[in-house]
Student: 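Here it is: the structure, laid out below.
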Amino acid sequence: MFNIEKIRADFPALKQLINGQPLVYLDSAATTQKPLSVISATEQFYARNNANVHRGRHTLSEQATHAYEQARQTVANYFNINANELVWTKGATEAINLVANGLTEQLDNDSTIIISALEHHANIVPWQQLAKRTGAKLLALPLQKNGCFDVQACVEFISQHKPSVLAITHASNALGNITDLDPILHAAKRHDAITLVDGAQAALHLQPNLPQLGCDFYVFSAHKMLGPTGLGGLYGRYNRLNSLAVYQTGGEMIETVTLAKTIFRQAPAKFEAGTPNIAAVIAFAAAIDYLTSLNKTNVYTHEQIIFNYAAEKLQAIAGITVYSNLENNIGTLCFNYKDEHPFDIATLLDGYGIAVRSGHHCAQPLMQHLGINGSVRASFAFYNNHSDVDLFIAALQNCLELLD
Amino acid sequence: MFNIEKIRADFPALKQLINGQPLVYLDSAATTQKPLSVISATEQFYARNNANVHRGRHTLSEQATHAYEQARQTVANYFNINANELVWTKGATEAINLVANGLTEQLDNDSTIIISALEHHANIVPWQQLAKRTGAKLLALPLQKNGCFDVQACVEFISQHKPSVLAITHASNALGNITDLDPILHAAKRHDAITLVDGAQAALHLQPNLPQLGCDFYVFSAHKMLGPTGLGGLYGRYNRLNSLAVYQTGGEMIETVTLAKTIFRQAPAKFEAGTPNIAAVIAFAAAIDYLTSLNKTNVYTHEQIIFNYAAEKLQAIAGITVYSNLENNIGTLCFNYKDEHPFDIATLLDGYGIAVRSGHHCAQPLMQHLGINGSVRASFAFYNNHSDVDLFIAALQNCLELLD
Amino acid sequence: MIKTFKEIALSLESSPSWQQKYREIMLLGKQLPAMPAVLKTSDALVPGCESKVWLYLDFDLEENCLVIIGDSDTRIVKGLLAIILSLYNGLTPEQAINTDAFAQFNHLGLIQHLSPSRGNGIKAMVERIQTMAEQKN
Amino acid sequence: MIKTFKEIALSLESSPSWQQKYREIMLLGKQLPAMPAVLKTSDALVPGCESKVWLYLDFDLEENCLVIIGDSDTRIVKGLLAIILSLYNGLTPEQAINTDAFAQFNHLGLIQHLSPSRGNGIKAMVERIQTMAEQKN
Ligand SMILES: Cc1ncc(COP(=O)(O)O)c(C=O)c1O
Ligand SMILES: Cc1ncc(COP(=O)(O)O)c(C=O)c1O
């Protein structure tokens with residue numbers, strides 16, 4: 001059974017008043033709240049086991065190393081991958097940069113890179129830079145007017161342009177729309193494209209089985225998955241991963257150094273220069289343990305119930321335009337009210353203790369595609385409940401009255 | 001007054017038993033222990049203020065943004081620099097990589113980069129890579145046999161080779177030796193070299209006044225300064241900093257994005273792609289607050305007393321070779337015993353609860369220079385006391401007996 | 001009719017709720033005269049804000065006073081802008097230097113809007129005005 | 001004289017202190033026959049260890065048994081290596097597969113030395129031996 005009140009009690013930040021009213025946190029797409037087990041794993045590490053990893057013969061260092069490498073296994077299990085196919089980065093953004101940088105030598109001005117206008121800037125700009133460095137062409141997949149992929153057209157587009165690289169999001173951070181990846185990745189594979197899936201938004205909600213998904217690379221951020229800030233991950237099919245050029249250089253990632261020449265280690269080590277974010281890695285394993293202790297189906301079902309409940313109530317308000325696709329969605333509502341500026345709506349909602357986001361959501365090309373400057377975004381996670389929705393809708397109605 | 005027992009009480013990790021004996025932590029050069037205020041700042045953030053920064057109109061996000069930017073000011077004050085001259089990175093290693101990468105367009109095969117054999121791998125390999133990319137020459141400053149710089153020879157070497165870039169450590173991580181930077185940086189400046197100082201080891205012990213030091217760039221890691229893992233910083237004189245090419249790209253660091261073209265922000269924002277390590281930044285400010293709450297002179301004096309006490313006792317043991325320069329040292333003792341392997345000594349010391357490091361300390365060129373494969377390293381911080389030294393020396397003597 | 005700062009303060013102070021306060025602020029924004037499109041240059045745009053905020057600063061040499069024109073595409077920021085204008089418009093540089101927007105916003109219970117973390121550009125605006133006042137003084 | 005694993009276990013169990021245990025281990029290392037220099041190839045070197053550890057694995061077809069030769073530049077790892085050799089040397093592949101070094105090290109109170117985080121290569125060594133045993137079985 002899914003006991004939502006018991007779960008909410010695990011998240012201390014949810015139990016607070018904002019402007020004198022109970023916090024309604026609808027900004028999980030920006031960053032999720034953290035369960036107690038994550039907070040205390042961090043605390044325990046610093047208060048007891050704190051030491052640097054990999055190079056110490058003393059007990060603290062061995063304990064830290066052990067916990068650190070165990071954590072890699074825990075997270076690898078979550079995605080059903082091998083621990084040596086998982087590289088720690090500082091976030092999804094760095095993970096994409098690592099791949100885009102590491103492919104420089106593998107592309108030239110005959111190559112094509114395909115992305116989409118739906119992407120977060122983190123999955124656009126590194127590819128623009130790669131295209132600039134190599135002379136490769138950068139193209140965007142066809143999107144329908146509403147921001148949904150036209151899957152059939154995408155497949156044809158891929159067959160036509162035969163990309164060397166395809167980078168695409170698993171779920172849109174602005175809209176919450178889940179991408180129908182299967183046919184798109186299949187088409188890319190038929191042309192031997194290297195595929196990267198941006199899982200920053202989806203990794204929490206969809207608990208993806210990566211070998212089954214079949215992409216070459218998958219990136220995520222711990223802070224969007226109940227984990228700490230400053231940590232992300234890159235999954236890469238081992239050979240693809242190991243074939244990337246080194247990214248940052250320094251300690252930990254080298255085998256031997258002389259002033260004349262350096263020999264690097266094999267993946268994942270070769271991509272992990274410098275002291276890692278040890279505390280965050282260990283706390284992230286606690287987050288994944290927490291997540292897997294919950295029944296995956298129950299979590300997803302609850303999220304969808306809350307999302308659908310909110311979507312229905314939101315759509316019933318006259319003057320509201322919803323941009324999200326409500327069919328296949330991780331739980332994000334992207335909307336505007338008449339011609340009102342999203343900034344005003346978000347600011348007024350904050351007066352009621354409702355935390356939503358406004359703006360372009362780091363997805364300016366999508367905003368341009370939708371013909372808007374920005375939107376309000378309410379994003380849900382499994383720790384939201386019906387009361388959150390009720391408070392949100394009631395507050396929103398009050399705000400809209402203020403504006404009218 | 002400097003009350004060492006009161007200070008030790010602020011560091012919970014110091015109060016534990018290892019193998020049934022009180023922990024003697026002599027591995028602060030690898031990573032320092034954390035005061036309670038840092039641990040609780042982290043906890044408070046996650047339990048209460050957790051939100052993403054910069055793009056939220058709601059109270060939590062504003063509080064987080066405010067604390068985050070305040071922290072930048074706090075750390076900038078510590079180094080006597082402007083907040084906009086401080087870039088957050090994931091560590092000293094990333095900071096050096098950021099600079100080395102950002103200088104690519106500014107060098108060519110007529111350029112010379114000067115480093116030294118004393119450097120940590122993090123301050124060697126990124127420059128090797130830069131030399132490889134640009135065709136620049138990579139040279140090393142003259143070192144005396146004992147690993148100390150021959151300052152007069154260095155100055156001449158610089159005048160002779162007129163480097164475009166000079167990268168040098170403020171203090172050696174293997175030996176603890178403090179570099180006599182003034183004449184070296186002056187010489188570099190006379191030839192308009194861009195100068196980077198690796199402060200990973202020195203930033204805690206020497207609390208450097210960076211404008212006075214006069215380098216263009218200075219890098220450090222929070223975890224070696226009482227702060228959390230996964231965070232570091234890059235100071236850059238504003239014009240020099242802003243003239244570096246962008247490094248990672250993605251959210252936060254852009255002004256506008258279209259699929260065709262991206263416009264980047266100005267420094268420091270342009271170097272901070274993606275969600276930052278918010279919790280770590282805020283906790284690091286707590287670390288700096290803790291550090292500045294102690295009297296700088298008293299801290300340094302205490303460290304030197306403990307260091308000298310340990311150095312004296314260590315040198316008195318027959319068969320011990322000390323490689324560190326004891327005159328100008330941040331508090332690190334690098335040594336070997338006869339032909340014994342440092343691994344054996346460190347492993348046996350661990351039985352007594354003594355945490356030291358063994359190996360090449362990510363400084364293989366220095367080890368080659370000293371003609372050794374590795375060493376034992378005992379590194380001190382202001383939270384060590386006389387009893388730590390006594391326990392260390394007594395345990396060491398027992399270990400050496402076991403080996404003889 | 002543009003209200004004086006005194007009048008604004010009075011009506012904000014007598015607002016029975018935060019909602020009413022915001023209503024007043026937005027009303028002030030509505031009453032702000034439109035900014036001529038030619039003045040909405042990229043130089044006038046305050047950078048780094050979610051809302052678009054334009055600020056045109058000029059100096060009337062004859063009258064020795066600041067001329068400030070501003071606009072925003074959001075109602076709340078435009079209202080806050082109106083308060084800033086009521087504080088500074090037409091002041092001599094010396095008077096402007098002696099006007100403490102922070103203290104006044106604090107007094108009105110609006111200090112949080114002057115935080116740079118709000119991303120609304122109000123703080124940047126005050127700084128621009130103060131810089132000009134100092135240059136002209 | 002090379003001790004059998006039984007003899008080793010006996011002397012380690014009767015060690016009155018951890019110091020004595022390490023003394024025994026280092027003694028075992030000393031008694032290990034030197035590894036011929038020609039066998040110390042880069043292939044034989046176990047990667048990623050702070051100490052240098054060499055492992056030479058061969059298979060005696062006639063006797064159907066594993067031939068293991070090893071060395072290390074540190075005393076402690078060399079001693080641990082001697083224990084591993086005493087466990088596996090001369091076993092048939094089947095016997096080797098049925099030998100659980102983890103259980104034995106645990107029994108001897110040395111399990112922490114089999115942690116990969118020790119960086120001593122002992123665990124990697126056991127894995128190499130087991131892999132060969134499975135291939136030859
Ligand atoms: C002198 C020096 N430079 C650079 C580094 C790299 O620091 P980090 O591993 O925190 O990136 C270290 C620490 O290991 C160091 O001691
Ligand atoms: C879809 C998507 N991709 C990438 C990112 C970048 O993640 P981060 O900022 O944690 O690096 C985000 C989050 O902002 C996102 O939602």
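Throughout, protein chains are lettered first and strands after them, A, B, ... in sequence-line order, and every chain is numbered starting at 1.
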Student: What pairs with B:H58 under side-chain hydrogen bond (donor to acceptor under 3.5 Å, both in side chains), at least two apart in sequence or on another chain?
Tutor: A:D27
Student: For A:N19, which atoms come within 4.5 Å of any heavy atom of chain B: side chain, backbone, both, or neither?
Tutor: side chain
Student: With chain B as the partner, which of A:L36, A:L98, A:T258 has the greatest number of non-hydrogen pairs under 4.5 Å?
Tutor: A:T258
Student: Who wins among A:T249, A:T93, A:D350 for the most heavy-atom pairs under 4.5 Å with chain B?
Tutor: A:T249
Student: Before accepting this row, confirm whether a basic side-chain N of the pair B:E252/B:R265 lies closer than 4.0 Å to the acidic partner's carboxylate O.
Tutor: no
Student: May I ask you to check whether B:T31 and B:H223 show a side-chain donor-acceptor distance below 3.5 Å?
Tutor: yes
Student: Is the backbone of B:G227 close enough, under 3.5 Å, to the side chain of B:K34 for a donor and an acceptor to pair up by distance?
Tutor: yes
Student: I'd like to know if the side chain of A:K90 reaches the main chain of A:G232, judged simply by a donor and an acceptor atom lying under 3.5 Å from each other, with no hydrogens or angles considered.
Tutor: no
Student: Need one label for A:L349: side chain, backbone, both or neither, based on atoms under 4.5 Å from any heavy atom in chain B.
Tutor: neither
Student: Heavy-atom distances under 4.5 Å only: say whether A:K15 touches chain B with side chain, backbone, both or neither.
Tutor: neither
Student: In terms of heavy-atom pairs under 4.5 Å, which option from B:I115, B:N101, B:V38, B:T262 contacts chain A the most?
Tutor: B:T262
Student: Please look at B:A260 and chain A and tell me whether the side chain, the backbone, both or neither of the residue comes under 4.5 angstrom of a heavy atom of that chain.
Tutor: backbone
Student: Might you point out which heavy atoms bring B:S116 and B:A140 nearest each other, and give the distance in Å?
Tutor: CA-CB, 4.1 Å
Student: Could you look at B:P126 and say if it's the side chain, the backbone, both or neither that has a heavy atom under 4.5 Å from chain A?
Tutor: both
Student: Heavy-atom distances under 4.5 Å only: say whether A:L14 touches chain B with side chain, backbone, both or neither.
Tutor: neither
Student: With a 4.5 angstrom heavy-atom cut-off, which part of A:Y25 approaches chain B: side chain, backbone, both or neither?
Tutor: side chain
Student: Taking all non-hydrogen atoms of both residues, which atom of A:F11 and which atom of A:Q33 are closest, and how far apart?
Tutor: CE2-O, 3.6 Å
Student: With only heavy atoms counted, which part of A:N52 is less than 4.5 Å from chain B, the side chain, the backbone, both or neither?
Tutor: both
Student: Heavy-atom cut-off 4.5 Å, strictly under: side chain, backbone, both or neither for A:V246 against chain B?
Tutor: side chain
Student: For B:I278, which atoms come within 4.5 Å of any heavy atom of chain A: side chain, backbone, both, or neither?
Tutor: both
Student: Quick one: closest heavy-atom pair of B:A117 and A:L259, and the distance?
Tutor: CB-CD1, 4.0 Å
Student: What residue in B:R357, B:H361, B:E119 has the most heavy-atom pairs under 4.5 Å with chain A?
Tutor: B:R357
Student: Using non-hydrogen atoms only, which part of A:Q128 is less than 4.5 Å away from chain B: side chain, backbone, both, or neither?
Tutor: side chain
Student: Counting heavy-atom pairs under 4.5 Å to chain B, which of A:L23, A:I354, A:V356, A:I96 comes out on top?
Tutor: A:V356
Student: Cut-off 3.5 Å, side chains only: do B:Q248 and A:Y247 have a donor facing an acceptor?
Tutor: yes
Student: Counting only heavy atoms closer than 4.5 Å, note whether A:T42 contacts chain B via side chain, backbone, both or neither.
Tutor: side chain
Student: Is A:Q129 close to chain B through its backbone or its side chain, or both, or neither, when contacts mean heavy atoms under 4.5 Å?
Tutor: side chain
Student: So for A:P228, is it side chain, backbone, both, or neither that comes closer than 4.5 Å to the heavy atoms of chain B?
Tutor: both
Student: Measure distances from B:E43 to the heavy atoms of chain A and classify the residue's part below 4.5 Å as side chain, backbone, both or neither.
Tutor: both
Student: If you count heavy-atom pairs under 4.5 Å with chain A, which of B:G274, B:A100, B:S28 comes out on top?
Tutor: B:G274
Student: Which region of A:I39, side chain (C-beta onward) or backbone (N, CA, C, O), has a non-hydrogen atom less than 4.5 Å from a non-hydrogen atom of chain B, or is it both or neither?
Tutor: side chain
Student: Give a yes or no answer on whether the side chain of B:H121 reaches the backbone of A:I254 with a donor-acceptor pair at less than 3.5 Å.
Tutor: no
Student: Most heavy-atom pairs under 4.5 angstrom with chain A, which of B:T275, B:N49, B:T32?
Tutor: B:T275
Student: Closest approach of B:V125 and A:F264, non-hydrogen atoms and distance?
Tutor: CG1-CE2, 3.9 Å
Student: So, for B:S221 and B:A92, which heavy atoms are closest and what is the spacing to 0.1 Å?
Tutor: OG-N, 2.8 Å
Student: Look at A:A47, A:A273, A:C362, A:A131 and state which one has the largest set of heavy-atom pairs under 4.5 Å with chain B.
Tutor: A:A47
Student: Do A:R57 and B:T347 get their side chains close enough for a donor-acceptor pair, meaning under 3.5 Å?
Tutor: no
Student: Main chain of B:A13, side chain of A:N50: is a donor-acceptor contact present, judged purely on distance under 3.5 Å?
Tutor: no
Student: Of the backbone (N, CA, C, O) and the side chain (C-beta and beyond), which part of A:Y352 lies under 4.5 Å from a heavy atom of chain B, both, or neither?
Tutor: neither
Student: With a 4.5 angstrom heavy-atom cut-off, is it the side chain or the backbone of B:N97 that approaches chain A, or both, or neither?
Tutor: side chain
Student: Need one label for A:Q16: side chain, backbone, both or neither, based on atoms under 4.5 Å from any heavy atom in chain B.
Tutor: side chain
Student: Over all heavy atoms of both residues, which pair between B:H360 and B:N373 is shortest? Give the atoms and the distance, please.
Tutor: CB-O, 4.1 Å
Student: Indicate whether the side chain of A:Q201 and that of A:N173 have a donor and an acceptor atom separated by less than 3.5 Å.
Tutor: no
